[in-house]
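Report on the structure given below.
Computed over heavy atoms, backbone and side chain alike; hydrogens, waters and symmetry mates excluded.
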Amino acid sequence: MSRKNSLDTLRNIGIIAHIDAGKTTFSERLLFYTGTSHKIGEVHEGDTVMDWMVQERERGITITAAATTMYWKNHQINLIDTPGHIDFTAEVQRSLRVLDGAVVVFDGVAGVEPQSETVWRQADKYNVPRVCFINKLDRMGASFEKSFQSILNKLTPNAVAVAIPMGLEEKLSGVVDLIKMKALYFEGDKGITVVEKEIPAEWKEEAETWHKKMIERVAGEDNTLTEKFLEGKEITPAEIKDVLRKSVLTYKLVPVFCGSALKNKGAQMILDAVVEYLPSPLDIAPQKGIDPKTGATIEKKASDTEPFAALVFKIATDPFVGTLTYFRVYSGVLNKGSYVLNANTGEQERISRILRMHADERQELDVIYAGEIGATVGLKGTSTGHTLCAKESPVILEKIVFPEPVIGIRVEPKTKVDQEKLIMSIRKLTEEDPTFRIKEDQETGETIISGMGELHLDIIADRLKREFHVEANYGKPQVAYKETITAEAKGEEKYARQSGGKGQYGHVLLSIKPRERGQGFEFVDEIKGGSIPKEFIKPVEKGVTEAMDKGVVAGYPMVDVEVTLYDGSFHEVDSSEFAFKIAGSMAFQKAAKAARPVILEPIMKIEIVTPEDFFGQVISDVSSRRGKIEETSERVGMKVVDAFVPLSETFGYATSLRSLTEGRASFTMEFNKYDQVPGNVAQEIIDGKRK
C-alpha cells in the first residue's frame, strides 16, 4: 500500500497564542472551511470540536493540545491546537518539538501579550517557521497598526504585513491582499466563499503604501528582485510568493495576515499561507539522533524507504480506548501489527492499532508514513519523549526538555479505597503530563503533588474527582523552594566502622562551587593515581545527589552546584560502595554548610490590565507583595503593569485584585526564574519548616 499524498503536500502545523487570542475559534473556522467539520463550534456555547474536555468547555480555555487532520487544495494539513495558558506550557513545548510550522494568533486589541512572547521564544528554540494572524479586528479598540508594531518591537523585526483590514471594529468589511492587490470579501454561509474585487477608492492609497513597504522588505531578501525594485520594474505576485516562501523557511521573514475568526473574515488566507509558505517534512533539516550503542550521531531523513523512527510527544488517557500514545514519524513506515523498539528503555512494543486523530474521534489506519502524526493504543513502557524505532537500526531522537514544577499541594484520600485509586490515577496523570509530579514526603508520610501553577493543580484535582472518581482532601498550595550555595568550599569525611569481622571504610575529599542559575548539578571526577578505585566513584556521586535532595538550610532540594571529587583513600579489605556513599554524602553536607547556602524561591512574571482609576492601588498592592515593577504602559484606555512577584506572595491574588478594582482588572502570570530569598523571609521559611 503506498501513500495517498506525496511528502511535499504534507503540513504539520500548530496554532499557538496567548490565552484568549481566539485560537480555538480560529481552529474551528479552519475545520469548517476545509470541510472537516460540518458546523462551527463556538467557545462561548461550549460545543467546539477541538476543546473536547469537560474542563475546557466549562472554562472556555484550551488545556490539552488536540490533534486533527484536514485537507486544503490537495494538501494534507495535520493541525495541533495548543493551550495558551502558561500553566500548560508543557503542552505547547512538546507540540512545537514535533511540528514543522506554526500559525501564531494575536488579539487585535492587545497585540503582543506576555504569553505570546513565551510561546514565540519556545518556537524560536525549535526554529519553527511561522506566519501570524492578527485576529479580533472586529472588537472595540482593535488596531491593526498597533498590533503589527508590537510584533515588530517585541518579537521580531522580520515581520512583514501581507494583508490589511478594510475598516475596524463593527466597520470591518473585508481584507486587502497586498500581494495580488485585490480586495477580498467573505460571503455566503459563515463567510465560506471568498470573493475577489478591485480595491475600493477609499482604501486605495493606504493599500499602495503598505504594498510598497512589503515589496521593499521582500525584495531585500533576493538579489534579482532588489535590482528589479531599484529599476522600478513590475514585480509579479508569483515572484513575491517565491521569495516569501524561501524567506519563511529560513526564518528571514514572517508574513502577517489579519481578520476576525468570529466574524468569519480572513481565515482562508491562512489556509493558503500554510500551503504556500510553511514547510513540508522535506523542507526541514533531517532529525538528529544518537546511536544508543556507540553514541554516534545519526541523521533521519523524511523518507518512506529509510528505517522507521518516531518520537512520542504526548500520552493521553482516553475514556474509550485507554492510554493513547501520540507520535510523529520522522522516517520510514509503520505497519499495524508490527513490533518496534523503544530505544530509551530497550524494550519491544507491539503496535496493535494505528489511529489518525480528529480531536477526540479516531480513524483506523493500516499503515502510517514518514512525516505523519498518529497515535497508537496499549503501549506498556513508553512515555513522553521516548523514541520508537526499527529493531535493526536503533536511534534515540533528541528529547523534549520540560520545566520543573514550582507549586505543590498535599493530597489525602478520604477512604482506604480512594488511597489505591489515587495512586493509580496520579500515575496515569503523570504519564500524560510531564510537568505534573508526585512525591512522598519521607518525614511526614504525606503525598505531595506539584505543577506549574494554581490553575494547573486545580484542573488536576478536578480531573481526579470526575474522570477517576477519587475523593480526596487538598491542602493549601505550597511553594517549591530550592536551595543553592553562594561560595566555594571543601569538605572531607572519613567513614570508618569496626564491628568484629569486616569493617566499613570510605574516605572522601571534595570541593564545591556555585553554578549559574538553571545550570543544574555537575559531578567532576578528578581522582589521580587511583587514590579511590574506579568502582567507588559512582557511589560517592550517589551519596552527593542523595544529600542534595535534602538541603542544609531548610531541607529543600539543592540546585546549581558543581561538586569535584579530588582525593581520598581506601582500605583493601574494608572499603565498600556503602561506605563511600555515606562518606560522599557527609562530606557534601559539611562543604555545603560552609559555602554560604541560601534559599531560592520561584519568581513569577505578572501582567495586570487595569482601568486607570485603580492604577495607584494596583501598583502599591504589587509593591506590598515584594513585587518589582518592570514597566507600565497604555492599552486602549487601560493601564498595563508588568512586574515580577515571588510566587509565595501571589496565592489568592485573583480574589484580591477583583476586590481592589471592582472586578474590572485582569491578570496573567507565568514562571520566570528562581531567585534568592531575602534574609528575613528566609528565617520565616526555616521556622515554618521546623513547625
Where the side chain of T156 meets the backbone of L152, is there a donor-acceptor pair that is under 3.5 Å apart?
no

Give me each pair satisfying side chain to side chain donor-acceptor pair (under 3.5 Å) with a member in residues 170-180, each pair once, sequence neighbours excluded.
K180-E196

Just so I know, are the side chains of V128 and Y251 near enough to count as touching, which here means a heavy-atom distance under 4.5 Å?
no

Does atom CD of E198 have more than 12 heavy-atom neighbours, drawn from other residues, nucleotides or ligands, at distances under 6.0 Å?
no

For residues 221-233, which residue pairs qualify under salt bridge (Lys or Arg N to Asp or Glu O under 4.0 Å), counting only residues two or more places apart or in two chains?
R217-E221, K228-E239, E231-K233

Exactly one of F133, F257, F106 clears ring pair (Phe, Tyr, Trp, His ring centres under 6.0 Å) with F26, and that residue is F133

Spacing of N223 atom CG and T226 atom OG1 [to the nearest 0.5 Å]:
5.5 Å

Could you check whether D124 pairs with R130 (Lys NZ or Arg NE/NH1/NH2 to Asp/Glu carboxylate O, under 4.0 Å)?
yes

Under the side chain to side chain contact (heavy atoms under 4.5 Å, CB included) test, which residues partner E276, sequence neighbours left out?
K241, D272

Give a yes or no on whether a salt bridge exists between K265 and D138, defined as a side-chain N under 4.0 angstrom from a carboxylate O.
no

Side chains of V640 and E631: does their closest heavy-atom pair fall under 4.5 Å?
no

Trace of the side chain to side chain contact (heavy atoms under 4.5 Å, CB included) decision for K605 with K673
CA-CA 9 Å; K605 184 178 182 187; K673 60 171 186 228; over 6 Å; no

Would you mind reporting whether I354 and T376 have side-chain heavy atoms less than 4.5 Å apart?
no

For V194 and F186, what are the C-alpha separation, side-chain angles and deciding distance, and is it a side chain to side chain contact (heavy atoms under 4.5 Å, CB included)?
CA-CA 5 Å; V194 183; F186 302 87; 4.0 Å; yes

Would you check if the side chain of H75 reaches a backbone N or O of K73 as a donor-acceptor pair within less than 3.5 Å?
yes

Does K197 reach the side chain of L184, with side-chain heavy atoms less than 4.5 Å apart?
no

When rounded to the nearest 0.5 Å, the distance separating CG of D304 from CD1 of I368 is 11.0 Å

Search all heavy atoms of I134 against all heavy atoms of F148 and return the closest pair with its distance.
CD1-N, 3.8 Å

Between S247 and L253 (side chain of the first, backbone of the second, donor and acceptor by atom type, cut-off under 3.5 Å), is there such a pair?
no

Rounded distance (nearest 0.5 Å) linking atom CD1 of I164 with atom CZ of F144:
7.5 Å

A side-chain contact here means heavy atoms from C-beta on lying under 4.5 Å apart; do I77 and V274 qualify?
yes

Do any N or O atoms from the side chain of S331 and from the backbone of K300 form a donor-acceptor pair under 3.5 angstrom?
no

Rounded at 0.5 Å granularity, tell me how far CG in N12 sits from CD1 in I373.
4.0 Å

Heavy-atom closest pair, residues S147 and D107:
OG-O, 3.9 Å

When rounded to the nearest 0.5 angstrom, what distance separates CG in L225 from CD1 in I240?
8.0 Å

For the residue pair F308 and V329, what are the closest heavy atoms and their distance?
CE1-CG1, 3.8 Å

If the threshold is 4.0 Å, N to carboxylate O, is there a salt bridge linking R328 and D100?
yes

Give a yes or no on whether the backbone of L397 and the side-chain of T387 come within a donor-acceptor separation of less than 3.5 Å.
yes

For a quick test of reading the model, state the closest non-hydrogen atom pair linking L137 to S260 and the distance between them.
N-CB, 4.3 Å

When you look at CD of E145, are more than 12 heavy atoms from neighbouring residues, nucleotides or ligands closer to it than 6.0 Å?
no

Heavy-atom pair with the smallest gap, counting every atom of V395 and G289:
CG2-CA, 3.9 Å

Does R245 use its side chain to pair, donor to acceptor, with the backbone of L278 at less than 3.5 Å?
yes

Hey, is the main chain of G374 close enough, under 3.5 Å, to the side chain of R356 for a donor-acceptor pair?
no

Tell me whether S280 contacts the main-chain N or O of R11 through its side chain, where contact means a donor paired with an acceptor under 3.5 Å.
no

In the structure I gave you, are the side-chain heavy atoms of R29 and L262 within less than 4.5 Å of one another anywhere?
yes

Nearest atoms (heavy-atom pairs only) where A390 meets P307
CB-CB, 4.4 Å

Under the side chain to side chain contact (heavy atoms under 4.5 Å, CB included) rule, collect the residues that match up with P286, sequence neighbours excluded.
E299, K301

List the residues meeting salt bridge (Lys or Arg N to Asp or Glu O under 4.0 Å) with K252, not counting sequence neighbours, and say none if there are none.
none

Rounded distance [0.5 Å steps], CD in E372 versus CZ in F327:
9.5 Å

With the side chain counted from C-beta on, respond yes when T632 and K639 share a heavy-atom pair under 4.5 Å apart, and no when they do not.
no

Find out whether I15 and L79 are in side-chain contact, i.e. whether some heavy atom of one side chain is under 4.5 Å from a heavy atom of the other.
yes

Please walk me through it: do K628 and I603 pass side chain to side chain contact (heavy atoms under 4.5 Å, CB included)?
CA-CA 10 Å; K628 291 190 179 75; I603 305 291; over 6 Å; no

Charged N to carboxylate O under 4.0 angstrom, E398 versus K288?
no

Which residues share a side chain to side chain contact (heavy atoms under 4.5 Å, CB included) with E169, sequence neighbours left out
M140

Looking at S150, is its backbone amide N or carbonyl O close enough to the side chain of N153 to form a donor-acceptor pair, meaning the two atoms are under 3.5 Å apart?
no

List the steps and the verdict of side chain to side chain contact (heavy atoms under 4.5 Å, CB included) for F644 and N672.
CA-CA 8 Å; F644 294 104; N672 179 261; 3.5 Å; yes

